[in-house]
K.L.:
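First, the structure itself, so that you have it in front of you.
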Amino acid sequence: MSYHFNEIEDKWQKYWAENQTFKAENTTDKPKYYVLDMFPYPSGAGLHVGHPLGYIASDIYARYKRHQGFNVLHPQGYDSFGLPAEQYAIQTGQHPAITTETNIKRYREQLDKIGFSFDWSREVRTSNPEYYKWTQWIFIQLFNSWYNNDSNKAEDITTLIAVFSAEGNSGVNAVCDEDIELFSAEEWNNYTDKEQQKMLLKYRLTFLAETEVNWCPDLGTVLANDEIVNGVSERGGHPVVRKKMTQWSMRISAYAERLLNGIDYNQESLEWTDSIKEIQRNWIGKSQGASVTFNLKDHQASIEVFTTRPDTIFGVSFMTLAPEHELVAKITTPDQKAEVDGYIEATAKRSERDRMADVKTISGVFTGAYAEHPFTKQPVPIWIGDYVLASYGTGAVMAVPCGDQRDYDFAKHFGIDIPNIFEGVDISEEAFADKDKTVIGNSDFLNGMNYKKATKRAIYELEQIGQGKGKTNYRLRDAVFSRQRYWGEPFPVYYKDGMPQMIDDQHLPVRLPEVEKYLPTETGEPPLGNATEWTWCTTKNEVVPNTASGHCMHPLELNTMPGWAGSSWYMFRYMDAQNNGEFASKDALAYWKNVDLYIGGSEHATGHLLYSRFWTKFLFDRGYITVDEPFKKMINQGMILGTSALVYRLSGTNIYVSKGLINDREVEELRIDVSLINASDEVEDLNALKQWQPQFADAEFELEDGKYIVGREVEKMSKRWFNVVNPDDICQQYGADTLRLYEMFLGPLEQFKPWNTAGITGVHSFLKKLWKLYHNGDVFEVSDAEPTKDNLKTLHKTIKKVVEDIENFSFNTSVSTFMICVNELIQQKCNSRAILEPLAILISPYAPHIAEELWSKLGHAESIAYQAFPEFDEKHLVESSKEYPISFNGKMKFLLEMPLDMPKDEMEKTVMAHEKTQQQLQGRTPKKVIIVPGKIVNIVG
RNA sequence: GCUGAAGUGGUGGAAUUGGUAGACACGUUGGACUUAAAAUCCAAUGCCUAUUUUUGGCGUGCGGGUUCAAGUCCCGCCUUCAGUACCA
C-alpha cells in the first residue's frame, strides 16, 4: 500500500553506482552536452538544504538532456584548498589534508543520498597533487608567455627573446610593465643573464613585482581586490591595509579588452544574465579618453594624467594628485611642506573604509608647485586631495571645475578659479557634465565644436606638441597571485641569484611539504618557511638539488597560490580527469569544448568567473584548448535562506515572554534551534528547550493561550543562528524525490527564498498519490486498456508544459504541472500502461527514484535514464475544442474556437452582443476569434 | 549617486508573453472516517456587498496613457533587494 521511499531510493542509488549509469563517454557518435555545477568547498559544517538547490536544477537538466540522446558530462568535485581547513589546523594542529578528507567524505555521503546523476569517475580535488600538478604546469606556461598586441594573443616567450636579440624592444607592441626603457639588439645581447631575466619578467604573463597590495594582518596574507568587501576581508571580516610587497601577479589586464568583448561580441554571445555581464563590464571598467602630460614649472619633471574629457582642456584651473603620488614629496615647496606632510599623515591614518564612508567632506592641500598648461602655458596650481585615488589611472587628474562636479566642489571649497568654457551654459550653481549638449567656447582652436569634434581635435593638437595621446584606460588591475598561506598550491619556483626559475615539468607536482606549525615563521616568512623537508626535491635534479640535510640549495618560493588558482581551469580537467600525461587529452578537449550549462551563485561574478575566462583565453591562445570562453550558458541560483526562531527574554531576568505579550517591555532576542519549533511558530516542548542549552535550564515562560510563540527572522542558513535544516533529515523523513521536488517547488530558481519545512507535505503527498494510482495494496497494477481522449489530453498537456519549463529553467511550475496531471488521472481513474510509460520518463529528471521503480515494475530491464523523452503531439489537445466558421454581414469570415458544449447560435449571439468588437472586426478581417462563454477572449488577426 | 532585478491573497508563488487574474501548494475553517491521534478523503477560502433558488462592485505598489481588451506595453513617481562606488 504505502510508498516506501527509503527502500526505493537506496535500491536505485546502489543500482546507478554499480552500473555506472551516468558515466560519460569520451568517444561516441552522440552529440555532447556539458552540465557543470560550481564545485563546493567542503566545509566542516556539511551541506544544508540550501546547498543542493543548484545541483538539483543541473541534475534535472542533465537527466533531461540524457533522455534526449545527448552524451552528457555532469561531473562533480571539490575546491578543497582554502582558509577554514588551515585555520582549523592552526587552532588544533590537525593537518588540513585530514580535515579536508573528512569533510569530503561527509559531503559525498550527503550528496549520494539525493540521487544525483554525477559521473563520479571524473571527480577532481584541487588539493590533490595529481590535480595541482597541472595548476602548477599552467602557471609555468603563463610564466613562459607574453602578450603580443599585434597578434592580439599570448605567445611563447621565446618569440619575444628572438625579437629582442634581432632588433631590441622598440618595435615590440606588448602588454608589459609601464617603466620600460628602450634597448637595442646589441644592448640586449650584451646584457648579463640576470639583466635579461629581469627585463623578461616585465613582459611575462605572470611576473614578480613590488606592488602595493591589500594586506590583511589578522589573516597574515594579501588579498585580491575581489576578496575584499566593504574594506574588510571577505572571509572573517578582518581589516585590510595597503602595503608594498614583492608578489607574483597575473597580467590579466592584457586580456581586459577581450574579456569585455567576449561578453557581447563573440559570434555566440554568452547566455548569461544581464546583471552578471554588467558587473563584469563595470569591473573591467573601460573608459576612453586621453593621457595628457603637464610639464612642471620649476622642475625637470612632468605629471601625466588620464582624462575622458580632453575637449575641456582649456577649462583646467588646477591639478590634483593623490596623496600617495610619488611626485608629491619632490615638488612641495618649503612653505607648504608642513601642511602637506600633515595632510598625508592624516589620510594615511584613515582606513579605506572611513574614506569610503565619508565622501562628502572635501579636503586637500596646495603643494605650492605649479604646472604649465600645455597650450596656454599659464601656470596651473598643483593640489593634493584624497578624492583622487592612487590606484586608478595615474593617480593624478587635471581638474576642470566647470565640467566635473567633484572638481567644481573642490574649487568652490578652496576658492579656486572656475573658468567657463561652455557656450550658453550657466555654471554658477553646479558643473555642466552633459557631453551631448556640450558646445565648447573660450578655448582657442576648440571654439564652437561639440564634444566629439573637440575631443578629436584636442588629442590631435596634444600629439603635435608631444604632450598627450588618445588612451583607453581600464579599471581592471593585474591580479596578485601570492598568498602567505600553507593550504594552497606551492609555486613551482625557486630562486637563483635572486631571479625566479621554473622547476622542470618532469618534477611536477611540487608537493606541499609537511610543517610543524601553520603560522608564519619567526622571521616573518610564510608558513612554508617552517618546512625542513621538501619531499619533491630530487637529488638527481641539478636545478633543485636536495642536500642530505633536507635543505634545498636554492631558496624556494614560500608563498602559495590563491584559492582561485585551482578553480580557474577545473572545468577542463573533468574532460579527462585521470590523465597523468596532460591536463586533458587533445581529443577530450576537442570533443567536450566548453561548458554548455553552468549553474552556481552570482557571488563569483568578479572573481572566479573573470579569472577562469582569463585562463581559458590564455590556454586557447597557446593552442591547448579549442575554445576561448569556458561557460556558454549560465544560470545563477538564488540562495535558500533559513528561518530563525527568536525567543524574548525580559532584560535582566530569566523570564521568556511569548511574542504577543512583549508589548513595550524591554527584551533581548535570542535565537533557538528551529527544530524545537512546530509549523505554527510555537515551541513544541518547553522541556526540550530547557535541555537544549544550559542557559534555558531554569527558564520561566510567560505563555499566551498556553503556548510559547516565537518570532521569526529570515537570514542566511548558518550554525550560529541555529536555523540549519539538514538534507539528510529531509531524505530520511520524506525521501530524496520529495526533497528534490520541494526545492524546485519553493520558487523560481534564481530567487532568494526562505526554507519552510511545513510546506513539504504537499509535494510529498503528490508522490504518494502517484504511487497509489498504480498500486492496489502492495501490488503493482496497470491496465492495458487503450487510453481515452481525456487521458491523452492530460498527458500531452503535461508533456508540453514540462518541456517548456525545463528549457526555460522554470522547474517550480513543472512540479505544479505534475500535480495537476496526477490529480486528473486519478479523477479519470486512469492507470493505463500507455500513459504511465511516458509519464514516468517525464517525471524522472525531477524524481528519478520513483520513476526508475515504476519503470522497472512496468517490466523494463534497462534504466529509465536512457529512454527517449516523450514527444508532444498537438492533436490530442486540439481535439478537445472545435473551430466554427462564422460570417458577419455576409462578408467577413473567421473562425471561432470554443468549448465543445457551447451551442453555435449562442456563440454567434455572444459575438454580436459585443458591438465594439464588431466595429473592430470590420476594420481588420481577423481570422480567428477565441470564445469562452459570455466573453470574447482572443482575436487573432 | 549609478547599474541590475523585482513589487500579485494570510504565505510561497501561477498566468500560454496583450485575452476569464490568483493555477498549484502551504495555512486557515468546516465535514467524513477513527475510542482517540496520526494518516487519508471531501468542501470552502482575494476584498467589499447582497441574497434565499439570480447579486452587484472593487481588485496585480501609486498616478496617468495606448487598446475592444493591460499584472503584462508606454510615460512619470514610490518602495524593496542585489551589485558598485570620489573611476577623473
Side-chain angles (χ1 to χ4, degrees), chain A residues 1-2 229-230 273-283 285-287 289 292 305-310 312 319-320 322 355-362 385-389 391-400 403-407 409-410 433 473-476 602-603 605-606 636 638-639 679-680 741-742 745-748 750-766 768-769 772 797 800-801 804 810 812-821 823 826 877 914-921 923-924 929-940:
Chain A
M1 173 74 190
S2 54
V229 177
N230 293 331
T273 63
D274 289 341
S275 78
I276 295 267
K277 288 181 179 178
E278 198 59 29
I279 289 171
Q280 291 217 344
R281 272 188 217 110
N282 291 341
W283 193 261
K286 179 180 183 175
S287 52
V292 183
V305 301
F306 173 75
T307 177
T308 53
R309 298 294 305 272
T312 63
M319 300 185 72
T320 315
R355 256 169 99 165
M356 272 195 286
D358 175 28
V359 294
K360 285 193 186 98
T361 314
I362 296 163
D386 68 358
Y387 81 96
V388 176
L389 303 177
S391 56
Y392 183 76
T394 60
V397 300
M398 60 175 225
V400 182
D404 182 285
Q405 194 57 42
R406 287 157 306 165
D407 295 345
D409 294 341
F410 195 86
N473 199 46
Y474 296 92
R475 203 190 80 122
L476 183 70
S602 56
E603 66 274 13
T606 54
N636 304 111
M639 203 184 291
S680 28
L741 283 168
Y742 187 56
F745 182 74
L746 224 42
E750 289 94 337
Q751 225 163 74
F752 281 61
K753 56 228 160 199
W755 177 266
N756 167 20
T757 305
I760 205 168
T761 53
V763 166
H764 188 60
S765 64
F766 153 71
K768 283 198 278 195
K769 277 191 216 164
K772 231 175 104 183
K797 226 167 56 178
K800 183 167 190 252
K801 188 70 171 52
E804 277 170 12
S810 315
N812 53 329
T813 51
S814 302
V815 181
S816 299
T817 307
F818 289 136
M819 290 181 184
I820 296 166
C821 173
N823 282 340
I826 289 170
L877 300 196
H914 289 74
E915 228 175 282
K916 275 184 182 171
T917 307
Q918 287 185 48
Q919 289 166 6
Q920 172 79 5
L921 296 180
R924 284 213 214 155
V929 176
I930 298 171
I931 288 201
V932 288
K935 207 158 187 176
I936 294 181
V937 170
N938 202 1
I939 301 167
V940 185

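Below, all heavy atoms of this structure are taken into account, side chains as well, without hydrogens, waters or symmetry copies. In the text below, chain A, chain B and the rest are named by the order of the sequence lines, each starting its count at 1. These numbers were taken from a predicted model, which means no experiment stands behind them.
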K.L.:
Closer to the 5' end of RNA chain B via nearest nucleotide, is it A:Arg309 or A:Tyr742?
P.N.:
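The answer here is A:Tyr742.
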K.L.:
Scan A:Asp407 against the nucleic acid and name what it touches under 4.0 Å (heavy atoms): base, sugar-phosphate only, or nothing.
P.N.:
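Nothing, no nucleic acid heavy atom in range.
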K.L.:
Need one value for A:Asn473: base, sugar-phosphate or nothing, where a base atom within 4.0 Å counts as base even if backbone is also close, heavy atoms only.
P.N.:
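Nothing: the residue A:Asn473, judged by heavy atoms under 4.0 Å, touches no strand.
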K.L.:
Residues in side chain to side chain donor-acceptor pair (under 3.5 Å) with A:Arg406, at least two apart?
P.N.:
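Expected list: A:Asp404.
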K.L.:
Rounded to whole Å, how long is the line connecting atom CE of A:Met639 with atom C1' of B:A82?
P.N.:
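Rounded to the whole Å, the gap is 11 Å.
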K.L.:
Measure CH2/A:Trp283 against C1'/B:A82 and give the value in whole Å, please.
P.N.:
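It works out to 15 Å between those atoms.
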K.L.:
Contact class for A:Phe818 vs. all strands (heavy atom < 4.0 Å): base, sugar-phosphate, or nothing?
P.N.:
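Counting heavy atoms under 4.0 Å across all strands, no contact is made by A:Phe818.
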K.L.:
With sequence neighbours excluded, tell me which residues meet side-chain contact (heavy atoms from CB on, under 4.5 Å) with A:Arg475.
P.N.:
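So A:Arg475 forms a side-chain contact (heavy atoms from CB on, under 4.5 Å) with A:Trp283, A:Tyr392.
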K.L.:
Using OP1 and OP2 only, check whether a side-chain N or O of A:Gln751 sits under 4.0 Å from B:G12.
P.N.:
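So the side-chain polar atoms of A:Gln751 never come under 4.0 Å of the phosphate oxygens OP1 or OP2 of B:G12.
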K.L.:
Counting Watson-Crick and G-U wobble pairs with both distances under 3.5 Å, what is the dot-bracket string for RNA chain B, 5' to 3', using [ ] for crossing pairs and | for pairs to another strand?
P.N.:
(((((((..(((......[....)))((((((.......))))))(((.......)))..(((((..]....))))))))))))....
K.L.:
Using heavy atoms to find the nearest nucleotide of RNA chain B for A:Arg475 and A:Thr761 separately, return the residue whose nucleotide is more 5′.
P.N.:
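Per heavy-atom nearest nucleotide, the more 5' residue is A:Thr761.
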K.L.:
Rounded to whole angstroms, how far apart are CG on A:Asp386 and P on B:C86?
P.N.:
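Atom-to-atom, A:Asp386 to B:C86, this comes out as 11 Å.
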K.L.:
Using a 90° cut-off around 0 for syn, call B:G9 syn or anti.
P.N.:
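Syn for B:G9; the angle stays within 90° of 0.
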K.L.:
Does A:Lys768 make a side-chain N or O approach to OP1 or OP2 of B:U40 shorter than 4.0 Å?
P.N.:
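Indeed, a polar side-chain atom of A:Lys768 lies that close.
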K.L.:
Among B:A23, B:C87, B:U40, find the nucleotide with the atom closest to the side chain of A:Arg406.
P.N.:
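My answer, after comparing the listed nucleotides, is B:C87.
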K.L.:
I want to verify the glycosidic state of B:U17; is it syn or anti under the 90° rule?
P.N.:
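Base orientation relative to the sugar is syn.
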K.L.:
With a 4.0 Å cut-off on N to O distance, would you call A:Arg281 and A:Glu278 a salt bridge?
P.N.:
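A salt bridge is present here (some side-chain N lies under 4.0 Å from a carboxylate O).
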K.L.:
Determine the Euclidean distance between corresponding C1' atoms of B:G56 and B:G64; express it in Å to zero decimal places.
P.N.:
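One C1' to the other, the span is 28 Å.
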K.L.:
Between A:Glu278 (CD) and B:G4 (P), how many Å, whole number?
P.N.:
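My rounded result for the distance is 6 Å.
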K.L.:
Please list, chain by chain and in numerical order, all residues satisfying ring pair (Phe, Tyr, Trp, His ring centres under 6.0 Å) with A:Phe306, sequence neighbours excluded.
P.N.:
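Per chain and number, A:Phe306 pairs via ring pair (Phe, Tyr, Trp, His ring centres under 6.0 Å) with no residue.
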K.L.:
Could you tell me which residues satisfy ring pair (Phe, Tyr, Trp, His ring centres under 6.0 Å) with A:Tyr742, sequence neighbours excluded, listed by chain and number?
P.N.:
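If we apply the ring pair (Phe, Tyr, Trp, His ring centres under 6.0 Å) test to A:Tyr742, skipping adjacent residues, the hits are A:Trp755.
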K.L.:
Give A:Pro754 one of three labels, base, sugar-phosphate or nothing, depending on what nucleic acid heavy atoms sit under 4.0 Å from its own.
P.N.:
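A:Pro754: no heavy atom of the nucleic acid under 4.0 Å.
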K.L.:
A:Asp274 side chain: which of B:A5, B:A88, B:C24 is closest?
P.N.:
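Nearest to the side-chain atoms of A:Asp274, counting from C-beta on, is B:A5.
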K.L.:
Please tell me which of the listed nucleotides, B:A23, B:A88, B:G12, lies nearest to the side chain of A:Ser816?
P.N.:
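So the nucleotide nearest the side chain must be B:A23.
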K.L.:
Could you work out the separation of B:U11 and B:U60 based on their P atoms and round it to a whole Å?
P.N.:
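Roughly 16 Å separates the two P atoms.
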K.L.:
Using a 4.0 Å heavy-atom cut-off across all strands, classify A:Lys769 as base, sugar-phosphate, or nothing.
P.N.:
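Result for A:Lys769 = sugar-phosphate.
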K.L.:
Whole Å only: how far is the CD atom of A:Gln280 from the P atom of B:G4?
P.N.:
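So the two atoms are 16 Å apart, to the nearest Å.
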K.L.:
Could you grab the distance from atom CZ of A:Phe766 to atom SG of A:Cys821, nearest 0.5 Å is fine?
P.N.:
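If we round to the nearest 0.5 Å, A:Phe766:CZ and A:Cys821:SG are 7.5 Å apart.
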K.L.:
Restricting to ring pair (Phe, Tyr, Trp, His ring centres under 6.0 Å), what partner residues turn up for A:Phe818, sequence neighbours left out?
P.N.:
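Partners of A:Phe818 by the ring pair (Phe, Tyr, Trp, His ring centres under 6.0 Å) criterion, ordered by chain and then number, come out as A:Tyr846.
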K.L.:
Just N and O in the side chain of A:Asn812: are any of them under 4.0 Å from OP1 or OP2 of B:A15?
P.N.:
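Checking B:A15 against A:Asn812, no side-chain N or O comes under 4.0 Å of OP1 or OP2.
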K.L.:
Does a nitrogen or oxygen in the side chain of A:Tyr392 sit under 4.0 Å from OP1 or OP2 of B:C86?
P.N.:
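For B:C86, neither OP1 nor OP2 has a side-chain N or O of A:Tyr392 closer than 4.0 Å.
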